[in-house]
Amino acid sequence: ALMVFGGPASNFILAFFVLFGAYTLVGENVYKPMISDVVQGTIFEQNGFKSGDEIATINGKKINSAAQAHEILIYSYIKGDSVEVVTLDNKKANVNFSGEKLGEFKNPGEQIGIYVAGKFGKITIQNVVKDGVADLGGMKKGDVITALDGIKMNNVSRVINTIGYTKKEAVDFTILRDGKEQIITLTPKYNDNSKRKLVGIEMVAEDGDGNAVVKKYGVGEAIETAYEKVVSSTSMQAIAIKKLITGELSYKNLSSPISMADYSGLTAKQGLFQYLNYIALISIAVGLFNLLPIPVLDGGHLLILSIEGLI
């Protein structure tokens with residue numbers, strides 16, 4: 001049984017050492033846990049949260065980075081927990097996610113109610129794909145996106161998600177070009193690999209207040225942080241698998257090998273730290289999958305061995 005369990009266990013051990021190396025040798029880009037956008041009609045908006053507010057604690061735990069805040073909020077949403085979010089200026093919001101229907105968990109910022117991105121500012125177009133939707137619609141490199149369908153934007157993730165998962169046929173882009181505001185209407189096209197709609201632009205947030213500081217961890221802190229990351233990621237993925245089986249979470253949240261490769265390429269572009277984090281998450285997912293009680297997997301062999309032991 002120990003030999004059979006060794007396969008999945010090696011995946012979790014690999015994830016730990018990959019994360020340990022990422023924290024000690026590469027260093028994490030640490031952004032302040034600042035709110036970049038608040039979704040209209042949510043409890044966060046009702047309690048006065050606004051763009052630029054910095055999160056101090058979640059459920060009484062001190063928050064040190066945007067990534068930490070984002071991870072806790074997503075985990076709480078998927079698990080169906082209640083959270084208390086408190087900002088540095090003592091704004092509070094108590095949110096209960098237990099009644100939320102997960103379905104396709106594809107737009108976390110909108111579903112949670114706030115975007116915690118760290119870096120935000122002017123959404124400037126860095127590149128326009130030749131003969132793409134944006135190019136044919138008249139969008140140019142250097143244009144600044146200020147709003148989508150009349151809703152102000154200062155966060156790249158929110159722009160991507162608003163375009164990608166819009167239920168409308170067309171989206172109105174309010175842009176600044178040479179100091180003059182204009183509206184360009186585009187019809188996003190669905191992309192099978194990314195599983196969302198695209199218009200063919202690359203963007204960057206400029207002049208924001210959330211510039212990153214590269215933090216390299218000491219050995220002790222890296223061991224603790226890597227261990228906590230493996231435990232929390234394993235727990236989150238286990239809950240997601242359970243909800244996939246019960247139908248609470250849509251199977252459409254699963255990624256195909258092609259989309260995983262596509263995302264791997266995207267994380268590599270974001271830097272070595274993000275890429276190593278992604279590799280660790282994949283290793284954890286493989287380990288969990290192998291523990292499922294299916295005959296051809298290690299989990300199936302462990303189940304058979306357990307039954308034989310009882311007999």
Item to check | Chi angles and distances behind the side-chain contact (heavy atoms from CB on, under 4.5 Å) call for Met139, Ile201 | outcome: CA-CA 9 Å; Met139 202 163 277; Ile201 54 175; 4.1 Å; yes

Item to check | CA sep, side-chain torsions, deciding dist, call: Leu73, Val116, side-chain contact (heavy atoms from CB on, under 4.5 Å) | outcome: CA-CA 10 Å; Leu73 289 169; Val116 187; 4.2 Å; yes

Next on the checklist: When you group the ILVMFWY residues by side-chain heavy-atom contacts below 4.5 Å and let the links chain together, are Phe173 and Ile151 in the same group?
Outcome noted: yes

Next on the checklist: When you measure from the side chain of Ser283 to the backbone of Asn11, do you find a donor-acceptor pair of N or O atoms at a distance under 3.5 Å?
Outcome noted: yes

Item to check | Reported OG1-to-CD1 distance for the pair Thr146 and Ile175, which is rounded to 0.5 angstrom | outcome: 8.5 Å

Next on the checklist: If you apply the rule side-chain contact (heavy atoms from CB on, under 4.5 Å), what do you find for Leu136 with Lys130, and how did you get there?
Outcome noted: CA-CA 8 Å; Leu136 297 175; Lys130 183 175 175 57; over 6 Å; no

Checklist entry - Side-chain contact, heavy-atom cut-off 4.5 Å: Val83 with Asn94? => result no

Checklist entry - In terms of side-chain heavy atoms, does Thr87 have a donor or acceptor partner in Glu54 at a distance below 3.5 Å? => result no

Next on the checklist: Looking at Asp149 and Asp172, would you say the former's side chain and the latter's main chain have a donor-acceptor pair under 3.5 Å?
Outcome noted: yes

Checklist outcome for this item: Closest non-hydrogen atoms of Ala56 and Leu88, given as atom of the first, atom of the second and distance, are CB-CD2, 3.7 Å

Item to check | Within-4.5 Å side-chain heavy-atom neighbours: Lys91 and Val86 | outcome: no

Checklist entry - Looking only at heavy atoms, which two atoms of Ile123 and Met153 are closest? And how far apart? => result CG1-O, 4.2 Å

Checklist entry - Can you tell me how far the CD1 atom of Ile35 sits from the OH atom of Tyr115, to the nearest 0.5 Å? => result 13.5 Å

Checklist entry - Under 4.5 Å between side-chain heavy atoms, hopping through other hydrophobics if needed: is there a path connecting Ile245 to Phe289? => result yes

Checklist entry - Is it true that Lys215 and Glu221 have a side-chain N and a carboxylate O under 4.0 angstrom from each other? => result yes

Next on the checklist: Quick check on the hydrophobic clustering: are Leu281 and Leu288 connected, directly or via other members, by side-chain heavy-atom contacts under 4.5 Å?
Outcome noted: no

Checklist entry - Sub-3.5 Å donor-acceptor pair from the side chain of Asn59 to the main-chain atoms of Glu84, do we have one? => result yes

Checklist entry - With a 4.5 Å heavy-atom cut-off, do Ile125 and Glu202 have their side chains touching? => result no

Next on the checklist: Strictly distance-based, threshold 3.5 Å: is any side-chain N or O of Thr42 a donor or acceptor partner for the main-chain N or O of Val39?
Outcome noted: yes

Checklist entry - Do the side chain of Ser76 and the main chain of Ile72 share a donor and acceptor less than 3.5 angstrom apart? => result yes

Checklist entry - Under a single-linkage definition using a 4.5 Å side-chain heavy-atom cutoff for Ile, Leu, Val, Met, Phe, Trp and Tyr, are Ile112 and Ile78 assigned to the same hydrophobic cluster? => result yes

Next on the checklist: Is the shortest side-chain heavy-atom distance between Ile284 and Gln237 below 4.5 Å?
Outcome noted: yes

Next on the checklist: Starting from Leu186, can I reach Val144 by hopping between I/L/V/M/F/W/Y residues whose side chains sit under 4.5 Å apart?
Outcome noted: no

Item to check | Any Asp135 side-chain heavy atom under 4.5 Å of Val129 side chain | outcome: no

Item to check | Salt-bridge present (Asp143, Lys141; N to O < 4.0 Å) | outcome: no

Checklist entry - When rounded to the nearest 0.5 angstrom, what is the spacing between NZ in Lys122 and CG in Leu176? => result 8.5 Å

Checklist entry - What are the two closest non-hydrogen atoms of Pro188 and Thr166, and how far apart are they? => result CG-CG2, 4.5 Å

Checklist outcome for this item: When every non-hydrogen atom of Val159 is compared with those of Met203, the smallest separation belongs to CG1-SD, 3.5 Å

Item to check | Side-chain donor/acceptor of Thr162 to backbone N/O of Arg158, under 3.5 Å | outcome: yes

Checklist entry - If we only count heavy atoms from C-beta on, is the Lys140 to Val128 side-chain gap below 4.5 Å? => result no

Checklist entry - Step by step, would you call Glu28 with Lys216 a salt bridge (Lys or Arg N to Asp or Glu O under 4.0 Å)? => result CA-CA 6 Å; Glu28 178 183 13; Lys216 287 189 177 181; over 6 Å; no

Checklist outcome for this item: Closest non-hydrogen contact found for Met34 with Gly52 is CE-O, 3.3 Å

Checklist outcome for this item: Taking every heavy atom of Ile223 against every heavy atom of Phe16, the minimum-distance pair comes out as O-CE1, 3.6 Å

Checklist entry - Looking just at side-chain N and O atoms, do Asn96 and Ser82 make a donor-acceptor pair shorter than 3.5 Å? => result yes

Checklist outcome for this item: Here the gap from Ile239 atom CD1 to Ile241 atom CD1, rounded to the nearest 0.5 Å, amounts to 10.5 Å

Item to check | Approximate separation, where rounding is to 0.5 Å, of Ser233 OG and Phe12 CZ | outcome: 10.5 Å

Item to check | Note, Tyr227 side chain near Thr225 side chain (heavy atom, < 4.5 Å) | outcome: no

Item to check | side-chain contact (heavy atoms from CB on, under 4.5 Å) between Met236 and Lys79, intermediate numbers included | outcome: CA-CA 8 Å; Met236 186 188 299; Lys79 193 176 179 183; over 6 Å; no

Checklist outcome for this item: One should read off an interatomic distance between Asn29 CG and Phe273 CZ, to the nearest 0.5 angstrom, of 8.0 Å

Next on the checklist: Could you check whether atom CG of Asp178 has more than 12 heavy atoms from other residues, nucleotides or ligands sitting under 6.0 Å from it?
Outcome noted: no

Next on the checklist: Ring-plane angle category for Phe17 and Phe20, please: parallel below 30°, perpendicular beyond 60°, tilted otherwise.
Outcome noted: perpendicular

Checklist entry - Is there a donor-acceptor pair under 3.5 Å between the side chain of Asp53 and the backbone N or O of Lys50? => result yes

Checklist entry - Under 4.5 Å between any side-chain heavy atoms of Val133 and Leu198, yes or no? => result no

Checklist entry - Does a salt bridge link Glu71 with Lys229, judged by any charged N lying under 4.0 Å from a carboxylate O? => result yes

